[in-house]
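Chain naming here is simple, since letters A, B, ... match the order of the sequence lines and numbering starts at 1 in each. Side chains included, hydrogens not; waters and symmetry mates left out as well; all remaining heavy atoms used. A quick note: this is a predicted structure, and the numbers were derived from the prediction, not measured.
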Amino acid sequence: MNGTLLKIENLSCSFNEEKVLDNISFSLSEKISIGVIGPNGGGKSTLMNVLTGNLNKNNESKFYFKNNLVKKLDPRSDFSYLPQEKYFNTYFGLSVLEFIKMGQIGLKIKPIKIDEIIDIFDLSKLLKKDFSQLSGGQKQKVMLARVFLRNTPLIFLDEPTLGLDGKANDQLIQIISIMKNSFNFGIIIIDHHIDTLIEHCEQILCLNKNAHWHSPSEKVTSDQIQHFYHCEYEHLLVHNHQLATGTKAPHTECSTEHSHDDTTVTLDKSGLNKNKKDKLQ
Amino acid sequence: MNFINDLINFPFIFYGFMTSIILALGFGIISPFIISKEQSFLPPAISHSALLGISLSLLIGATQTEVFFLTLLISTIIAFLLSYFINNNKLPPDVFIGIFLTITMASGILINEVFLNNQANLFHFLFGNILLISKQDYLITFTVVLISSVSILSLFKYWIFISYDPQSAKNQGIPVKLFQYLFSFILTMLVIASIKMTGIILVNALALIPGLFALKLSKNIKTILIYSTSFSILTTIIGFITASTFNLTTGVTIALVQFILLVIGISSKKLIGKYL
């Protein structure tokens, strides 16, 4: 049985009197990952900040954790978070092992055994190395290991593959899937690799301020994505990296209202080039 | 062995010596954290604000112990205010430090000038005077260092986490801001307790040089702590004996001894790395 871990109802969030998120509802169960996509400025990072308690939600918003209404999710027992921007004060050194162990500090629940994590993430060769001396990909993997070590039911990942090349990216996404299925995590991932998310996540949440939909990822059509980004899906795939460059990148505007789409056209995973006419019919 | 004779025969030298060593231990433990938390500005900000506390307590005619607690109270308030402004403002922190430091010191000096009119006393507080240290000061310093060392060592992994990765510490639900206030308070206690020994101006050396020495020589945090503490105590002993032998100001001598050993330590590490 897959239990519901998190249910969000009517989530709204305002920033300087402007609504950044408007009336968002979705739920997340065990062994499920939700991939969050949407143009820059569409509210993806805001969603993370609200979920982690770094930003306040509006009064009408409701969070249910394991079917209990909660004011806030508790970082000591409910969720772990990998933020997009990281900085470290590396005036003294910490070995990779010491770094991963920091994940246990302040934790109210029982963490996963450290040996198990080291095995799954294949970190045994790095353990004694200084964390600050690692390559970008290795650092990202170690930070991800620390997040999963905490064994909280919910895992929030903001751009876990930022700056990684194709191979390292695939490897990391695969590890996330393994962890999800072996330890019953419910995961929310923000990423600009739309194709990877559609391939690996059970559900997709597309955010553009007031517009969103939420459906099994098999049903996501390139039409829907185009609707949100207002440009060709192929173009988006090509310019994937550009989307990560900030709000100045193109494809950020979406002012039109649109309904929840229930088109059930299956996305052909290999045929992302399928043309629009085929799908409309 | 003139120094040992003095130590046995003159209680004020004994108390001065013991107080300095205990303080050196306290600063040795906290010093690497001051640097790695990027808060080297805090000790001077606190020590300068102490002048306001001292002047105010002299104004109301407080006793020696009362002077310590009153100064501690005023400096703690100022250190917390400073932490608050730095936490909640998007302006660079050095702006606030620059302003706070000057204003508190200016008001201290003004009170002294207008109401107390004893410039000689002020000089003792600026550069320290080991002869002023009494048994009471010794006991207060002992308590202060005990509290601060226990707070740092018993929460050691938290301090490491917050210093190295404050953002993740916050995301894991650790009350980072509360730790910041605790850190400011510990540092305020240490700085106020050391004013009679080092003076307001020289306390920076004691707070920063041991940590810098250790961070330059090692990468492992436990080794850093051992280096920093032993460096701090050793240089204090050398400085104290030198000062008492040649009749020099103790705080000044200790600061210079520390600086010389810092330079020797760093350059010999570089030489060893180059030729061995």
Side-chain angles (χ1 to χ4, degrees), chain A residues 48-49 51-55 72-109 111 128-133 139-140 142-152 154-158, chain B residues 28-41 87-88 90 93 152 154-180 183 208-229 266:
Chain A
M48 281 294 185
N49 280 326
L51 289 174
T52 53
N54 290 331
L55 272 179
K72 238 179 159 187
L73 296 169
D74 185 357
R76 292 168 160 237
S77 56
D78 302 350
F79 73 89
S80 302
Y81 174 45
L82 181 75
Q84 184 183 344
E85 282 166 27
K86 299 130 190 137
Y87 53 87
F88 302 102
N89 289 332
T90 51
Y91 298 101
F92 54 83
L94 278 182
S95 72
V96 168
L97 183 64
E98 287 170 312
F99 186 88
I100 295 175
K101 278 186 176 171
M102 291 199 297
Q104 302 169 343
I105 298 176
L107 196 63
K108 278 189 197 161
I109 55 171
K128 284 186 179 162
K129 285 198 177 167
D130 190 328
F131 176 76
S132 60
Q133 311 280 319
K139 272 187 191 163
Q140 201 73 8
V142 170
M143 283 185 279
L144 208 59
R146 187 175 70 179
V147 164
F148 278 108
L149 170 79
R150 293 163 47 77
N151 204 12
T152 52
L154 296 169
I155 304 276
F156 303 146
L157 308 172
D158 196 346
Chain B
I29 292 173
I30 205 169
S31 181
F33 286 105
I34 302 175
I35 297 172
S36 56
K37 280 168 76 65
E38 296 186 332
Q39 298 192 336
S40 312
F41 62 82
N87 279 337
N88 295 287
K90 289 192 174 116
I152 296 284
S154 65
L155 298 169
F156 196 54
K157 60 178 183 180
Y158 285 86
W159 292 115
I160 293 176
F161 194 10
I162 291 168
S163 312
Y164 195 90
D165 189 358
Q167 188 193 17
S168 299
K170 187 169 168 262
N171 286 331
Q172 287 186 202
I174 292 162
V176 176
K177 278 187 184 170
L178 195 69
F179 270 92
Q180 174 57 42
F183 190 78
L208 300 180
I209 297 179
L212 182 60
F213 175 85
L215 286 167
K216 276 284 178 193
L217 258 58
S218 173
K219 272 267 159 195
N220 178 289
I221 185 69
K222 278 172 191 154
T223 323
I224 287 171
L225 209 65
I226 294 167
Y227 281 177
S228 167
T229 319
I266 293 174

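No donor-acceptor distance shorter than 3.5 angstrom exists from the side chain of B:Gln172 to the backbone of A:Leu107, with no hydrogens or angles considered. With hydrogens and angles disregarded, no donor-acceptor distance shorter than 3.5 Å links the side chain of A:Asn89 to the backbone of B:Lys37.
Atom CD1 of B:Ile221 is separated from atom CZ of A:Phe92 by 4.5 Å, given to the nearest 0.5 angstrom. Considering CD of A:Glu98 and CD1 of B:Ile160, their distance stands at 7.5 Å, rounded to 0.5 Å. Taking OH of A:Tyr81 as the reference point, atom CD of B:Gln167 lies at 7.5 Å (rounded to 0.5 Å). Taking CZ of B:Phe161 as the start and NZ of A:Lys101 as the end, the distance is 14.5 Å to the nearest 0.5 Å.
The local environment of NZ in A:Lys72 is sparse, with at most 12 non-hydrogen atoms from other residues, nucleotides or ligands closer than 6.0 Å. In this structure, B:Lys219 places its NZ atom where more than 12 heavy-atom neighbours from other residues, nucleotides or ligands lie under 6.0 Å away.
Comparing B:Ser168, B:Ala169, B:Ala214, B:Ser36 by how many heavy-atom pairs each has under 4.5 Å with chain A, the most go to B:Ser36.
The two residues A:Arg76 and B:Gly173 have their closest heavy-atom pair at NE-O, 3.1 Å.
If you measure heavy-atom distances from A:Thr90 to chain B, the contacts under 4.5 Å come from both the backbone and the side chain. Heavy atoms of B:Pro32 lying under 4.5 Å from chain A are absent altogether. The contact between A:Tyr87 and chain B is made by backbone and side chain atoms together, counting heavy-atom distances below 4.5 Å. Both the backbone and the side chain of A:Ser132 come within contact range of chain B, each with at least one heavy atom under 4.5 Å from a heavy atom of that chain.
Classified by interplanar angle (parallel below 30°, tilted 30° to 60°, perpendicular above 60°), the ring pair A:Phe88/B:Tyr164 is tilted.
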Next on the checklist: The test is side chain to side chain contact (heavy atoms under 4.5 Å, CB included); show your working for B:Asn171 and A:Asn54 and say whether it passes.
Outcome noted: CA-CA 9 Å; B:Asn171 286 331; A:Asn54 290 331; 3.8 Å; yes
Next on the checklist: Walk me through whether B:Asp165 and A:Leu94 qualify under side chain to side chain contact (heavy atoms under 4.5 Å, CB included).
Outcome noted: CA-CA 11 Å; B:Asp165 189 358; A:Leu94 278 182; over 6 Å; no
